[in-house]
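Here is the structure we will look at.
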2 protein chains.
Amino acid sequence: MDTRERLIESTRELLWERGYVGTSPRAIQQRAGVGQGSMYHHFTGKPDLALAALRRSAEDMRAKAEGELSGPGTAYERIEAYLLRERAVLRGCPVGRLTQDPDVIADDVLRQPLEETFDWLRQRLSRVLAEGRERGELAAELDPVATAATIVATLQGGYVLARAAASAEPFEHAIRGVLGLLATAVKGRRG
Amino acid sequence: MDTRERLIESTRELLWERGYVGTSPRAIQQRAGVGQGSMYHHFTGKPDLALAALRRSAEDMRAKAEGELSGPGTAYERIEAYLLRERAVLRGCPVGRLTQDPDVIADDVLRQPLEETFDWLRQRLSRVLAEGRERGELAAELDPVATAATIVATLQGGYVLARAAASAEPFEHAIRGVLGLLATAVKGRRG
DNA sequence: CATAACATACATACTAGTAGGTACAGCAGA
DNA sequence: TCTGCTGTACCTACTAGTATGTATGTTATG
């Protein structure tokens, strides 16, 4: 792996472990095994490095979600597959994590990839739900846009609860709960 | 307001604005208009101050939730009142915010109030849901424990999305979505 | 009542170490 | 030899805290 690549991967790890304000250029250099000069050669500074790392994390997240959501099965099954894979990993969301960092949110260049990623995910889920409704799998009353936002929020909030509890239990309950609620909107299961 | 009180309130503000690692003792002193010696007289250090601030925020959050959840009305109405008040404030959760801070999560003394607060909230919502089910307001299939976790997660996740978008829109969608899903489990509304 | 003894409250100066960089010199390959 | 890359030195500001001082009470004792 070349120097630039090592810097990006080390930054990804540190942003995940320590957040943006908690990650120093020095720490990145040490983890990557790269001198200060090299780092400032490849990147203009800490925000530039963070942007590269963040874009890669967002890309990863998007590709994985697309894998499950574009797969076969009913709308419910695809969303279930997506949520259960996230539950299986239970590592937390490297993108969502950064939303709590004031320096990231204050910088529009850094915030934009965050916003785009969540917008994409909500729209993608919304399309899956709308398709399911058109096919008659889901109740007509179900609001695809609002429900998609709820699913993404449940996932992100589940990670918040898991960190507070230092345990996976609240996260698993939250996923089970949203799938249970969604199941009540599945036609054929009702009544 | 005396010195100790000003220190706690300034710490609360800064923890909310900048997080734990982003909040320095110096910044706290300056905002409180208090000298360094005074700060270290009243508190042993940064973690001690953060603990006092965090406990107060948790207490606030709990008291407000209890106000809505112990009020009159059906289970659905009380939960709706709670969620809509949070939506009206749309300030974010000062407790949930700290879960993304590694130094807070790593310190059991600081993490404990976070865990207790969310555990309490999940249990409180769970009891409201169980009562609603017993009274025949809600479908028998509804899982109170899982659904309570979903509601708390939706709220916390909604704040995550709102920060990423620098807008209240995703948060409002998420709240509307979870209330819509919950409404499908309200008896009399089905079919 | 006067005053010594002591605790409380607040302030200033100082510390080692880190944050986030700039400036520049050397070196290896095309 | 020029360009890309890397290493070393240096810089200013800040972090979290200690050490040491002083001003103001608050009892205890004669």
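Just so it is clear, the model here is predicted, and its values are computed rather than measured.
The shortest distance between the side-chain N/O atoms of A/H42 and the OP1/OP2 oxygens of D/dG4 is not below 4.0 Å. Between B/S38 and C/dA9, a side-chain N or O to OP1/OP2 separation shorter than 4.0 Å is absent. A/T3 has no side-chain polar atom (N or O) that falls below the 4.0 Å cut-off from OP1 or OP2 of D/dC5.
Protein atom CG of A/D2 is 16 Å distant from nucleotide atom P of D/dG4, rounded to whole Å. Protein atom NE2 of A/H41 is 17 Å distant from nucleotide atom P of C/dA23, rounded to whole Å. Taking atom CD on B/E5 and atom C1' on C/dC10, their separation rounds to 18 Å, with Å as the unit. Summarising the geometry, the separation between CD1 on A/I28 and C1' on C/dT18 is reported as 14 Å, rounded to the nearest angstrom. Following rounding to the nearest Å, A/R6 (CZ) and D/dC5 (C1') show an atom-to-atom distance of 13 Å. One can place CG of A/D48 at 12 Å from P of C/dT22, the figure rounded to the nearest angstrom.
In this structure, A/A65 and A/R85 approach most closely via the heavy-atom pair N-NH2, 3.7 Å. Of all non-hydrogen atoms in A/A75 and A/L138, the two that sit nearest each other are CB-CD1, 4.2 Å. What you find for B/D143 and A/R176 is that their closest heavy atoms are OD2-NH1, 2.6 Å.
Each of A/R127, A/R133, A/R135 was compared with A/E131 under the salt bridge (charged side-chain N to carboxylate O under 4.0 Å, His left out) criterion, and only A/R135 meets it.
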Under 3.5 Å, which donor-acceptor pairs link side chains of residues 156-169 of chain B to any protein atom two or more places apart or in another chain?
{"from": "B/Y159", "atom 1": "OH", "to": "B/E86", "atom 2": "OE1", "distance (Å)": "2.6"}
{"from": "B/R163", "atom 1": "NE", "to": "A/T99", "atom 2": "O", "distance (Å)": "2.8"}
{"from": "B/S167", "atom 1": "OG", "to": "B/E169", "atom 2": "N", "distance (Å)": "3.0"}

Contacts under 3.5 angstrom, residues 32-47 of chain A side chains, donor-acceptor by atom type, not counting sequence neighbours:
{"from": "A/K46", "atom 1": "NZ", "to": "A/Y20", "atom 2": "O", "distance (Å)": "2.9"}
{"from": "A/K46", "atom 1": "NZ", "to": "A/T23", "atom 2": "O", "distance (Å)": "2.8"}

Protein proximity profile, nucleotides 12-18 of chain D - base contact B, sugar-phosphate-only contact S, no contact -, cut-off 4.0 Å on heavy atoms: ---BSBB
